[in-house]
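So you know, we letter chains A, B, ... as the sequences are listed, proteins then strands, and number each from 1.
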There are 2 protein chains.
Amino acid sequence: MRGDPVRGHLDGLLLAALEGGPLHGYAIITAVQQRSAGALELRTGTVYPALNRLERTGLLRSTWESVGERRRRCYELTDAGRRALADERTAWREFTSAIGSVLDPGRAPRPAT
Amino acid sequence: MRGDPVRGHLDGLLLAALEGGPLHGYAIITAVQQRSAGALELRTGTVYPALNRLERTGLLRSTWESVGERRRRCYELTDAGRRALADERTAWREFTSAIGSVLDPGRAPRPAT
DNA sequence: TTCAATATGTTGGTTGCCAATACATAGCAC
DNA sequence: GTGCTATGTATTGGCAACCAACATATTGAA
């Protein structure tokens, strides 16, 4: 997969990963990797700043967890985050429909005229 | 549609627009716009440098046309361009499958395990 | 005569992800 | 007891790719 593959879709991926319940950053990375069958390998330099930003903008909320001596920061969706996820899904469908209608018209039929 | 929507998929769009026959830059822009039902409005600052690059790398070939006093540069796919288009389609399907399996699992089933 | 459409191009800026780096705990193999 | 890997969070600097704005010219309609 060509460089910067998730560009523009990162927020949606992170929100979607958290839809099933709270996860910490590292677990989000592995969850995304597994759900995409290994295709998407998010980098820490990509994920942690993004999670931080999503919390700042109110789409996520975080709490610190302790497992023995180790600390993890656990993120969960807020109500606004759930709404944002729905919006990301809509945007994703519009996006794939738009690009697909030009690039791959057999698979993604043109929007009704 | 959020900013930079075509990022990473521009080459595929341009190649696909030319699959049906030669077109000049301005016509490519309107063709993409029409085929996407208005969703994709490519900018001249995006398209012309990209066409130039695709010609430099041998995926397109161009000839100057004259219509009255006006000059247009007509692009067409080379054989390499046709192969590149096929690759772009494959990459597009893999891309949508990967992102979709995380973001929109109901619509884009996970790749076979 | 002014405006919009047609037509091609360049320049500079921003965005957003990535690579590299840093650091700490935990568990396993040897 | 030492190293290696996995787990875990975070920052910094860089850069590619697209966009906005600008520049220029012809054509045709109001």
ask   = With a 4.0 Å cut-off on heavy atoms, is A:Gly45 in touch with a base, just the backbone sugar-phosphate, or nothing at all?
value = base

key: B:Ile28 CD1 to C:dT6 C1', straight-line distance once rounded to whole Å   = 15 Å

ask   = To the nearest angstrom, how far is A:Glu65 atom CD from D:dT7 atom P?
value = 16 Å

Length of the line joining A:Glu41:CD and C:dA19:C1', which is rounded to integer Å = 14 Å

Base of C:dA7 paired with side chain of B:Arg72 (donor-acceptor, under 3.5 Å) = no

inquiry  = Regarding A:Arg73, tell me which of base, sugar-phosphate or nothing describes its non-hydrogen contacts under 4.0 Å with the strands shown.
reply    = sugar-phosphate

Atom-pair distance (CZ on B:Arg53; C1' on C:dT8), nearest Å = 17 Å

task = Could you tell me the separation between the CG atom of A:Leu10 and the P atom of C:dC18, rounded to a whole number of Å?
result = 8 Å

task = Provide, to the nearest angstrom, the distance between the CG atom belonging to B:Asp4 and the C1' atom belonging to C:dG13.
result = 12 Å

ask   = Roughly, in whole Å, what's the span from CZ in A:Arg56 to P in D:dA10?
value = 13 Å

Touch class at under 4.0 angstrom, heavy-atom based, for B:Arg43 against every strand present = sugar-phosphate

ask   = D:dC18, D:dT26, C:dA5: which one has an atom nearest the side-chain heavy atoms of B:Thr46?
value = D:dC18

ask   = Does a side-chain N or O from B:Thr44 land closer than 4.0 Å to OP1 or OP2 of C:dT8, or not?
value = no

ask   = Distance from A:Leu85 atom CG to B:Leu103 atom CG, nearest 0.5 Å?
value = 6.5 Å

query = For the side chain of B:Val6, counting heavy atoms from C-beta on, which of C:dT8, D:dC19, C:dT25 is nearest?
reply = D:dC19

task = Please report, rounded to the nearest Å, how far the P atom of C:dC17 is from the CG atom of A:Asp11.
result = 7 Å

message = On DNA chain D, does the nearest nucleotide to B:Val67 precede the nearest nucleotide to A:Arg70 from the 5' side, or the other way round? Give the residue.
response = A:Arg70

request  = Among C:dT25, D:dT7, D:dT11, find the nucleotide with the atom closest to the side chain of A:Glu69.
outcome  = C:dT25

inquiry  = Within this structure, what is the OG1-CG distance for the pair B:Thr46 and B:Leu51, rounded to the nearest 0.5 Å?
reply    = 10.5 Å

note = CZ of A:Arg89 to CG of A:Asp87, rounded to nearest 0.5 Å, is 11.0 Å

Point-to-point distance, once rounded to the nearest 0.5 Å, from CD of B:Glu19 to CZ of B:Arg82 = 7.0 Å

ask   = Given that A:Gly68 and A:Leu42 both sit by DNA chain C, which one's nearest nucleotide is further toward the 5' end?
value = A:Leu42

Closest nucleotide among C:dT6, D:dT11, D:dA6 to the A:Tyr48 side chain = D:dT11

Identified side chain to side chain contact (heavy atoms under 4.5 Å, CB included) partner of A:Leu60 from the options A:Leu14, A:Leu77, A:Thr78 = A:Leu77

ask   = If you take atom types as modelled and just measure distance, does the side chain of A:Arg7 reach the base of C:dG16 with a donor-acceptor pair under 3.5 Å?
value = yes

